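Contents: one structure, followed by commentary.
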Amino acid sequence: MPKLIELGLPSLTPEVYSILASQGIISVEDFMLSADISKLEAWGSGTLKEVVAEILHYLECQRVGLKSGLRGVQDMQAMGIQYLPTGCESLDAILEGGLREGTLTELVGASATGKTQLCMHVAASVAYKCRALVAYIDTCHSFSSIRVAHMVGTLMKTSEGHQGGVAADELGKVLKGILKFSAFDIYSALSILHELHASIGNNFQAPEEFRHLRLLIVDSASSLISPILGGNQIQGHALMVSMGAILRKLAIENHLAVLITNHTVGGEFGQPKPALGESWKRIPDVRLLLTHDPSSNACEVAVIKHSSIACNKQASFCITKRGLQSAEAEL
């Protein structure tokens, strides 16, 4: 990424640039990864706030341009696009194959609608069916290794026609392919994401038969971002942009499928809408809205944003003791 001085920002005077440089913030990447906005505000003036706003605007413009360029490459290499199976046939059907590598998918839903259950099921499916590594960042103490083991066991029985139990050593190998991390604030989450970016390619000492990391799950992104948006708005927005940038960087540069969760807030006429505001809604390539009927334990997923698939497609499934039981997709 370019140096800040190369951006030609009107408000980036030599004095302001000197303040930024004194904190090790010389390039756009330095700003994204390590800018202590609250400290800079304490030292600076209104001009410094203008610089922060202009840099954030630059990042938004770069993100849009990168996304457009990526779409062109994908169109030219359409036959090479790969999809990771979610383990739910009805969901894979409306997504035309599953989670697409190189893109960021956001699963939106109210509390207790099954977002974590779906994330764990996707992790189990990719680890087992693709023999791929999955990085799972748990932000709410909601990940259950026992639950994931049950899901993997069910997938193994279904695909291999087991009547009895599954082999413990095979189950263990699959579970080793799901790398669980805990992050309970945005700073620890950013640290994990940058560690992952630096470590991709060495397989994280996983079983030899596993391929490189192909899926990253963040459950939930909103629990990390919402708290920082309630205080210092400039700092909170900068951290949100930083998180969105590293997630997209991981997806695009390393051909990962990235799955994140977000909660809902009240919208017009009382209809739920994704949280985190207008700036964040540009981050995901795909948005799925998850709803749940407690009386029947049935869940429904609707496509509400997609670059190449018609919206409002819906898929249904039930959450059972063994995992997700798919229903026919409603096309």
Side-chain angles (χ1 to χ4, degrees), residues 56-57 59-61 63-64 67 71 86 88 90-91 94-95 99-100 103-119 122 137 139-140 142 186 189 216-248 251 257-317 319 329-331:
L56 291 174
H57 177 70
L59 291 173
E60 287 290 333
C61 292
R63 188 202 64 75
V64 172
K67 182 176 178 181
R71 186 179 296 117
T86 65
C88 179
S90 58
L91 180 55
I94 66 170
L95 294 177
L99 301 180
R100 187 169 65 181
T103 63
L104 194 155
T105 299
E106 183 181 66
L107 181 64
V108 181
S111 177
T113 50
K115 298 188 296 296
T116 295
Q117 294 295 316
L118 182 53
C119 284
V122 173
I137 300 179
T139 72
C140 302
S142 55
I186 195 165
L216 167 63
I217 297 174
V218 181
D219 181 30
S220 84
S222 56
S223 67
L224 299 171
I225 298 172
S226 293
I228 64 173
L229 296 179
N232 186 312
Q233 292 187 356
I234 294 180
Q235 182 182 25
H237 191 268
L239 288 168
M240 180 177 70
V241 169
S242 294
M243 184 167 181
I246 186 60
L247 286 170
R248 293 194 61 80
V258 176
L259 175 64
I260 62 175
T261 64
N262 187 5
H263 66 277
T264 58
V265 294
E268 293 184 0
F269 308 110
Q271 294 298 313
K273 68 175 184 178
L276 303 182
E278 293 297 309
S279 296
W280 180 260
K281 78 175 184 180
R282 300 182 181 91
I283 298 296
D285 302 288
V286 179
R287 262 185 164 168
L288 306 174
L289 178 63
L290 179 64
T291 55
H292 176 243
D293 181 357
S295 63
S296 63
N297 210 27
C299 296
E300 190 171 88
V301 178
V303 179
I304 58 175
K305 175 185 177 183
H306 203 290
S307 59
S308 59
I309 296 175
C311 292
N312 299 320
K313 283 188 173 183
Q314 298 179 351
S316 300
F317 61 87
I319 299 175
E330 299 176 11
L331 304 176

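The structure displayed is predicted, hence computed values, not measured ones. The first residue of the sequence shown is numbered 1, and numbering continues consecutively from there.
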Check side chain to side chain contact (heavy atoms under 4.5 Å, CB included) between Thr264 and all other residues, then give those that pass, not counting sequence neighbours.
-> Val108, Ala110, Pro272, Leu289
State which residues pass side chain to side chain contact (heavy atoms under 4.5 Å, CB included) with Ala275; sequence neighbours excluded, sorted by chain then number.
-> Asn262, His263, Val265
Can you see which heavy atom on Ser316 is nearest to which on Glu300, and at what distance?
-> OG-OE2, 3.9 Å
Sorted by chain and residue number, the side chain to side chain contact (heavy atoms under 4.5 Å, CB included) partners of Thr116 (sequence neighbours excluded) come out as Met120, Tyr136, Ser142, Asp219
Non-hydrogen side-chain atoms of Lys305 and Glu106 separated by less than 4.5 Å | no
Ignoring hydrogens and angles, tell me if any N or O in the side chain of Arg248 forms a donor-acceptor pair with the backbone of Ile283 under 3.5 Å.
-> yes
With no hydrogens and no angle check, is any side-chain donor or acceptor of Lys115 less than 3.5 Å from a backbone partner on Gly109?
-> yes
Run the numbers on Thr139 and Ser220 for side chain to side chain contact (heavy atoms under 4.5 Å, CB included), then give the verdict.
-> CA-CA 6 Å; Thr139 72; Ser220 84; 4.1 Å; yes
For Ile319 and Gly114, the nearest pair of non-hydrogen atoms, with its separation, is CD1-CA, 3.9 Å
Identify, with sequence neighbours excluded, every residue that meets side chain to side chain contact (heavy atoms under 4.5 Å, CB included) alongside Ser111.
-> none
How close do Met240 and Leu229 get, heavy atom to heavy atom, and via which atoms?
-> SD-CD1, 4.2 Å
Rounded to the nearest 0.5 Å, how far does CD1 of Ile186 lie from CE of Met243?
-> 6.0 Å
Validation row: Leu288, Leu95 side chains within 4.5 angstrom (heavy atoms) | yes
Are any of the side-chain heavy atoms of Val286 and Ile309 separated by less than 4.5 Å?
-> no
Under the side chain to side chain donor-acceptor pair (under 3.5 Å) test, residues paired with Lys273 that sit two or more places apart = none
Note, Gln235 side chain near Ile228 side chain (heavy atom, < 4.5 Å) | no
What residues, two or more places apart in sequence or in another chain, satisfy side chain to side chain donor-acceptor pair (under 3.5 Å) together with Thr113?
-> none
Between Ser226 and Leu276, which heavy-atom pair has the shortest distance, and what is it?
-> OG-CD2, 3.6 Å
Just checking, is any N or O donor in the side chain of Asp285 or His306 under 3.5 Å from an acceptor N or O on the other one?
-> no
Measuring from Ile217:CD1 to Ile260:CD1, what's the distance to the nearest 0.5 Å?
-> 11.5 Å
Distance col, row Leu118:CG vs Thr86:OG1, nearest 0.5 angstrom, shows 7.0 Å
Over all atoms of both residues, closest heavy-atom pair of Ser90 and Ala315 | O-CB, 3.4 Å
Under the side chain to side chain donor-acceptor pair (under 3.5 Å) test, which residues partner Asp293, sequence neighbours left out?
-> Ser295, Ser296
Dump the intermediate steps for side chain to side chain contact (heavy atoms under 4.5 Å, CB included) on Leu91 and Phe317, then the final yes or no.
-> CA-CA 8 Å; Leu91 180 55; Phe317 61 87; 5.6 Å; no
Can you name the side chain to side chain donor-acceptor pair (under 3.5 Å) partners of Gln271, sequence neighbours left out?
-> none
Shortest non-hydrogen separation from His292 to Ala112 and the atoms involved | ND1-O, 3.6 Å
Checking side chain to side chain contact (heavy atoms under 4.5 Å, CB included) against His237, which of Leu239, Ile234, Val241 comes through?
-> Val241
